[in-house]
Amino acid sequence: MSNFDWQVFCKDTIEGEVVERCFGSGGSITYLDWLMSAWGWTLSVALLALLVALVVGSMMGILRTLPSKTWVLVGDAWTELFRNIPLLVQIFLWYHVVPALIPALKSVPSFVLVVLGLGFFTSARIAEQVRAGIQSLPKGQRYAGLAMGMTLAQTYRYVILPNAFRVVIPPLTSESMNIIKNSSVAFAVSIAELTQFAMQAQEETSRGIEIYLAVTGLYFASAFLVNRIALFIENRVRIPGTSGASK
Amino acid sequence: DTLKKIKDSGSVTMGVRESSGALSYTLGDGKYTGYHVEICDKVLSDVRKQLGLSSLSVKYQPVTSQNRIPLVQNGTVDIECGSTTNNATRQKDVSFAVTTFVEEVRIAVKANSGITKIGDLNGRSVATTTGTTSVQTLRKNERATGVDFKEVFGKDHADSFLLLESGRADAFVMDGSLLAGLIAKSKNPADYKIVGEVLSVEPIAIMMRKDDPAFKTAVDNSIKAMIKSGEIAKLYDKWLMQPIPPANAKVGLPMSDNLKAALANPNDNPAEAYVKK
Amino acid sequence: MIDIKNISKWYGSFQVLTDCTTNIQKGEVVVVCGPSGSGKSTLIKTVNALEPFQKGDIVVDGVSIADPKTDLPKLRSRVGMVFQHFELFPHLSVTENLTLAQIKVLGRSADDAKTRGLKMLERVGLMAHKDKFPGQLSGGQQQRVAIARALSMDPIVMLFDEPTSALDPEMVGEVLDVMVQLANEGMTMMCVTHEMGFAKKVSNRVIFMDAGKIIEDCKKDEFFGNPDARSPRAKEFLSKILQH
Amino acid sequence: MIDIKNISKWYGSFQVLTDCTTNIQKGEVVVVCGPSGSGKSTLIKTVNALEPFQKGDIVVDGVSIADPKTDLPKLRSRVGMVFQHFELFPHLSVTENLTLAQIKVLGRSADDAKTRGLKMLERVGLMAHKDKFPGQLSGGQQQRVAIARALSMDPIVMLFDEPTSALDPEMVGEVLDVMVQLANEGMTMMCVTHEMGFAKKVSNRVIFMDAGKIIEDCKKDEFFGNPDARSPRAKEFLSKILQH
Amino acid sequence: MSFDFAFLTWDVISSFVLKGLWFSIQLTIVATLGGIALGTVLALMRLSGKKWLEVPAAAYVNTLRSIPLVMVILWFFLLIPMLTGRPMGAELSAVITFTVFEAAYFSEIMRAGIQSVSRGQVNAGYAMGMTYGQTMKLVVLPQAFRNMLPVLMTQTIILFQDTSLVYAIGAYDLLKGFEVAGKNFNRPVETYVVAAVVYFVICFSLSMLVRRLQKKIQIIR
Ligand SMILES: Nc1ncnc2c1ncn2[C@@H]1O[C@H](COP(=O)(O)OP(=O)(O)OP(=O)(O)O)[C@@H](O)[C@H]1O
Ligand SMILES: Nc1ncnc2c1ncn2[C@@H]1O[C@H](COP(=O)(O)OP(=O)(O)OP(=O)(O)O)[C@@H](O)[C@H]1O
Ligand SMILES: [Mg+2]
Ligand SMILES: [Mg+2]
């Protein structure tokens, strides 16, 4: 049972015959073609959702540190709402329930919904990191900015955020790796990404082990890639004279 | 081998599904039931008699379409009583009892949609469930007929049906019995109908470990006896024609000619053998 | 120049400042001292409205802080402040630290800001370090940069909140030297500090606080020269801090 | 009692201690001073083997630290140490802080440990606080508990690493008082401190370090009384720290 | 679309959902305790300063943190029996997988916790004559644990949500309970809505608890 049959990736997805050079031609596709396109979907969902999560999460995180009680409440409510419901359930609600209440959303493609759903879910976690990052800075920094006559907005823009950003890179790295892994829920709404590929292809080929190995490998590679990029950014923005976070 | 294992341990593990239409599903609380589950219960009691055991404890192990084959292979599950298609690829890994159900892949649509055959699906979206053979069927049909439609995948059958219900899909292509069951349980069964040609025919059978002829013979014999005695036909009527728990809805799917033929001449032919007919 | 009128402040139900009143003239150097937690930092922060207060008013150079119409950022830009922990911006070089607020707040051109900033850096004797980052400087050097940063905004008054208490003892001197020089040049200054040597040398007046109240507010000579006339709390404090 | 023989230590390629040699007799009080980063903390930590060193040896009460066969935990249990930041265990009450090591290291019974611990607490004047947690005490009180904790192990020598430099000025006195009393009772002490008042009052000898080297090691009277005989570096340091 | 919650009688809930809820809770508790224990060991290995302990621990943590939990669950479920030759039930398999997987995350938290205890505390322990083991056990770990309690709890909430991933191996958790009920009555939308509410109530209460804890800890410090 442990003799692997890697030929499976060279098979055509319709005839089930092994194709030469493993990539399909003329409209027919092999499992390898499919795997690659699935990887592409995984990366697209993950990266776009990450973008949404970073933008929304940073905004919410910042709100939670403002002096205004109202804004803090808005940020808190957002965070609690999106982090206390399992992702799979949230995706389902976005796809099936929300459009039932707001008919205009019916025509929105599922790709967009899943990017938003995954993005909002992750934004709650990022908001938490950003808030913690900002609050970990000495209070004196905020005072120093204000004391120089900067407005609160300027103080955030020029003093607090550049520092907080550096503080939160390591936790954000883990969130970015998480989002790649979490993107697997997209299969629930008909996105042909890696998990969906794994489920469908192993059903069709009965070569579960090989399929799962390949898919796990690609997830691993993607997460590793994100990790390297984050490390690169972390080193690029390291401030001279500080030891940096990676001690 | 399995018979010895059952005899030695006095217990057997039955693979069941949480939700495979009327064939195999749970009533909650760790109780499983359905057409195939009941057949298996009878088979196992025959096995118990054959082994001369006074009692046999049956453990239920829920399985999914992703893990059922590995679980049978690695010995977690001794006999899988869900809704597994018997096909040639799988026969390399596992073996099947004689066919007890024949599934016909059909198309469910909204009653008022005007769709009556696969050709009408041109330019529409068609739902089916990830991890099922229907996906392949659909793909083959698309290629063969030149009909161009958009596929949307639900993560399970209820999801796929929801796609049809909410209008995200115009049709749902799936095993006929599942479609009938879902429609029966829906809020408004009259809103849906099953239409068009049979897209593919698949024998569904009880699955066991490969290379264990003694066990397979015992199971096959028990089933054949039930076919002969008409018990299978009765069970079919009970599960697929009459109201069943928990919702007390009728699936209402009369026995197909294919199944009648299979029962008339019990065999474990794979799906490939049905295509040629 | 600074007129503090009956300021009271509460954190929840806890009263940090009780009815504090004092007044600082142009060119005066006032030292504020008192035990830890007595409200010194809070008082000095109310002067440039970094800490809001619930009662009373402060008028800085004719502008009332309690008035909701006052443009606080603008007011703060005219008041220099130096903190206990320096609070240089760690992600900016020394020069950028000096110019940021000049450009963003005062609207000076980058060139003007740099000229002005470096002049102040020269003054605190750190020209050689203009391209370094704060993390690469010693504590004493960072605090001198912080003073230069405040000075480069051309403040009308300088506030110091324990500017030497986070420093190694041998670096205290270099920072006090800069402060003494400033005082001698006639800068109006309000300093929270326990450096009684500094107070004796350059201050005009000493304010002693305890439990949120101003207990003593008198001329330097009176404060140090006539301990018997002081309140018991102040006497005890002075004896503790001058003992060793 | 403590014999430091030609100690050298490197962090990677950076040499922190260079060939340091000195000797502390029973009953002696030795003050170590010098600029920041000169290796004072490192030196004092080598004495109870908290910092390993690469060359030389230290013999404490006849036991060699460099000897790999030495039972270091046992040796350390006989050397009391007080840190700049107190390092009380924040999750334990004052009494638990005092008894933990007595019980776990010396194997004393809980009762004995408590009796001994509370006696020491009494001595530093904090009996009233025995059930509080460190976080509920002021800095000066915490440091006095830390001293009591070290004393309750019946050490043959006490090491102090800047015990007052993290304290508010008014609390420095209460800690120095305890240390003076200890010295007067004949405890052998090695203190890193910049409190020259303390050094003048009770020390027998002063060691001055710079850049990892022991530059001066002489009798107190010689150190303070004869500044002109001192090295330029020590003179400069003294002038800085005594100036204000 | 109209909602129809009528089928969700107490009978249905108790027979479909409660069993799942119970399993999710059990799994969460066991995996949290086991994960923290194993994670602490891993964290100590990574901080030991000994290469032969550091490298395997780091490899373990980084590998598991790079693979989706579903995949780990599947691998354990499918591969362990193949390796040991002995089948394993879905529930046991889930418990082992979650413990092993969460240990990687808990180890990162404990590592941060241990590092949050200042070097001075360790020195103080040594200086009192404690051995490495005593210092860790009596001084560092109690503090690390306290400092990290809120983060550990937050991870536990995530873990509770992640128990839904055992669907992949057919184990029966809270979400599965809702799903199965939804499928067998063909009312998926309604059950998901109820599931969302139930999860929210449970997780939100827990996270309120975390906040309380956080405030309490801040006072002690
Ligand atoms: N944000 C806050 N919330 C509640 N109480 C506070 C807050 N900030 C300060 N306090 C309390 O107000 C009192 C005065 O604090 P302040 O910092 O002004 O004292 P200080 O005299 O500067 O002391 P130190 O010498 O320690 O700097 C203290 O008792 C402090 O605990
Ligand atoms: N772990 C370490 N790795 C590398 N260098 C170190 C380490 N610890 C200390 N040093 C360096 O060793 C030198 C001596 O440090 P040490 O702490 O002994 O100085 P010190 O005289 O006690 O200074 P201070 O008065 O600031 O406490 C310093 O230059 C310091 O930067
Ligand atoms: Mg203060
Ligand atoms: Mg030191």
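To find a chain, count down the sequence lines: A is the first, B the second, and so on, and within it residues start at 1.
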Engineer: Look at C:R116 together with C:D154 and state whether they make a salt bridge at an N to O cut-off of under 4.0 Å.
Structural biologist: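 C:D154 and C:R116: salt-bridged.
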Engineer: I'd like to verify something: which residue of C:K45, C:Q84, C:R78, C:M153 has the highest number of heavy-atom pairs under 4.5 Å with chain A?
Structural biologist: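 Ranked by contacts with chain A, first place is C:K45.
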Engineer: Against chain A, work out which of C:N48, C:L50, C:L106 has the most heavy-atom pairs shorter than 4.5 Å and name it.
Structural biologist: C:L50
Engineer: By a 4.5 Å heavy-atom criterion (distance strictly below it), what part of C:K132 contacts chain A: side chain, backbone, both, or neither?
Structural biologist: neither
Engineer: Quick one about A:K181 and A:Y219 (side-chain donor to acceptor, distance below 3.5 Å, no hydrogens or angles considered), yes or no?
Structural biologist: no
Engineer: Heavy-atom cut-off 4.5 Å, strictly under: side chain, backbone, both or neither for A:Q141 against chain C?
Structural biologist: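 Its backbone and side chain both get close to chain C.
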Engineer: On the ring face of C:Y11, is C:K9 found with NZ or CZ under 6.0 Å from the centre and within 45° of the axis?
Structural biologist: yes
Engineer: For the atom pair CD (C:E87) and CD (C:Q143), what is the distance rounded to the nearest 0.5 Å?
Structural biologist: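 Atom-to-atom, C:E87:CD and C:Q143:CD are 9.5 Å apart.
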Engineer: Under a 4.5 Å heavy-atom cut-off, does chain A meet the side chain of C:L88, its backbone, both or neither?
Structural biologist: backbone
Engineer: Is it true that A:E128 and A:R64 make a salt bridge, defined as a side-chain N closer than 4.0 Å to a carboxylate O?
Structural biologist: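 Salt bridge flag = yes for A:R64 with A:E128.
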Engineer: Checking C:R149 against chain A: side chain, backbone, both or neither under 4.5 Å from a heavy atom?
Structural biologist: both
Engineer: Could you check, using the six-membered ring where one of them is a Trp, whether C:W10 and C:F14 have ring centers closer than 6.0 angstrom?
Structural biologist: no
Engineer: Quick check on C:L100 against chain A: is it the side chain, the backbone, both or neither that has a heavy atom closer than 4.5 Å?
Structural biologist: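 The answer is the side chain of C:L100.
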Engineer: Under a 4.5 Å heavy-atom cut-off, does chain A meet the side chain of C:H91, its backbone, both or neither?
Structural biologist: both
Engineer: Any chance you could lay out the ring-ring contact (aromatic ring centres under 6.0 Å, His included) test for A:F120 and A:W94, step after step, and finish with the verdict?
Structural biologist: CA-CA 11 Å; A:F120 288 168; A:W94 278 109; 5.7 Å; yes
Engineer: Using non-hydrogen atoms and a 4.5 Å limit, figure out which bit of C:F89 sits close to chain A: side chain, backbone, both or neither.
Structural biologist: both
Engineer: Counting only heavy atoms closer than 4.5 Å, note whether C:Q102 contacts chain A via side chain, backbone, both or neither.
Structural biologist: neither
